[in-house]
*Asks:* 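Would you mind keeping the following structure in view while I ask a few things?
Numbered from 1 within each chain, the chains take letters A, B, ... in sequence-line order.
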Protein chains: 2
Amino acid sequence: MAGKNVSTDRCDCEVIHDDVVNSVRKKMPEEETLYDLAELFKVFGDSTRIRILWALDEAEMCVCDIAYLLNMTQSAISHQLRVLKQAKLVRNRREGKVVYYSLDDEHVKMIFDQGLVHINEER
Amino acid sequence: MAGKNVSTDRCDCEVIHDDVVNSVRKKMPEEETLYDLAELFKVFGDSTRIRILWALDEAEMCVCDIAYLLNMTQSAISHQLRVLKQAKLVRNRREGKVVYYSLDDEHVKMIFDQGLVHINEER
DNA sequence: TGGTCATATGAGTAATTGTTCATATGTTTA
DNA sequence: TAAACATATGAACAATTACTCATATGACCA
């Protein structure tokens, strides 16, 4: 019973299609799942991070390599790599002073490709 | 010649792997393409918009339905629908006073599913 | 025509975020 | 140990953004 309550406080208009809404509500995934999904896409939602991921999909590279490739400061890249690591999208290994980063998820490219399909569908 | 220049102004460290960087550079897509891709994912990077898209994937709904379903104000939903429309992810049709929104891209669900695969890969 | 309702939109605001700058950490080598 | 170098990180700042509030627009109906 509890947990199935539907508050109408926020919606400042009359509901028109109760049946549709209720049907959709049943099919919606957990709130948390969709939140996590948004968090993941938020990580993809920055061109610096997209470029880093795309680059790492081609080859493992150290922080310095990436900074040079993208013409950005080491610090900026390092900050973004931290975000990508937290999202479990990249992993790293240390070799002396140098830290090498690589992709940690084989789905990244697939997600990118699907995104590109949408972009190229300019209607 | 021009356009192939590589500036080293920003990178404040020594490059270690010129060969790797150059090889990756050749394979990188257009700067603009990756920027557009990031813009698309930015749209996905908000749980309100994710929920709207997921809901619309289940059924066409009017603004009021969505506001009620997500327990948000009509205004907030309307603002987000505008963003989704600009990204060509939803379309709408008017029927009297009511405006119905629906998904305008069949890849959305595929992109979401790929994202979910990543999320569920908790290692 | 005036009133009501669904939706859209502009301004304002609090929160988030990407980068820079300075500096810390950790590793190698002299 | 000290110097040099690759990387990490905290604070600060500017830019962006999601929502609220007030109001505009557009459609229907009495």
*Asks:* Tell me the interatomic distance from B:Ile77, atom CD1, to D:dA18, atom C1', rounded to whole angstroms.
*Replies:* 11 Å

*Asks:* Would you say CD of A:Glu30 has more than 12 non-hydrogen atoms from neighbouring residues, nucleotides or ligands within 6.0 angstrom?
*Replies:* no

*Asks:* Counting side-chain heavy atoms from C-beta on, which of C:dT7, C:dT20, C:dA8 comes nearest to B:Cys62?
*Replies:* C:dT7

*Asks:* Donor-acceptor pair under 3.5 Å: do we get one between A:Ser75's side chain and the base of D:dT9?
*Replies:* yes

*Asks:* If you find the nucleotide of DNA chain D closest to A:Arg94 and the one closest to A:His79, which residue's nucleotide is nearer the 5' end?
*Replies:* A:Arg94

*Asks:* Measure from the side-chain heavy atoms of B:Asn92 and tell me the nearest of C:dA8, C:dT20, D:dC28.
*Replies:* C:dA8

*Asks:* Would you classify B:Tyr100 as touching base, sugar-phosphate or nothing, given that sugar-phosphate means primed atoms plus P, OP1 and OP2, and contacts are heavy atoms under 4.0 Å?
*Replies:* nothing

*Asks:* Would you classify B:Lys85 as touching base, sugar-phosphate or nothing, given that sugar-phosphate means primed atoms plus P, OP1 and OP2, and contacts are heavy atoms under 4.0 Å?
*Replies:* nothing

*Asks:* So does B:Gln74 reach the base of C:dA8 with its side chain, donor to acceptor, closer than 3.5 Å?
*Replies:* yes

*Asks:* Between A:Met61 and A:Ala55, which heavy-atom pair has the shortest distance, and what is it?
*Replies:* CE-CB, 3.4 Å

*Asks:* Quick one: B:Arg93 CZ to C:dT7 C1', roughly how many Å, whole number?
*Replies:* 15 Å

*Asks:* Please give, in whole Å, the distance from C:dT16 C1' to A:Gln86 CD?
*Replies:* 15 Å

*Asks:* Nearest to the side chain of B:Lys97 - C:dT20, D:dG26, D:dT7?
*Replies:* D:dG26

*Asks:* Looking at A:Lys88 and B:Glu121, is any side-chain nitrogen of the basic one under 4.0 Å from a carboxylate oxygen of the acidic one?
*Replies:* no

*Asks:* Measure the distance from CD1 on A:Ile52 to P on C:dG18 and round it to the nearest whole Å.
*Replies:* 11 Å

*Asks:* Quick check on DNA chain C: between A:Gly96 and A:Asp46, whose nearest nucleotide comes earlier from the 5' end?
*Replies:* A:Asp46

*Asks:* What residue among B:Ile111, B:Val43, B:Asp46 forms side-chain contact (heavy atoms from CB on, under 4.5 Å) with A:Phe41?
*Replies:* B:Ile111

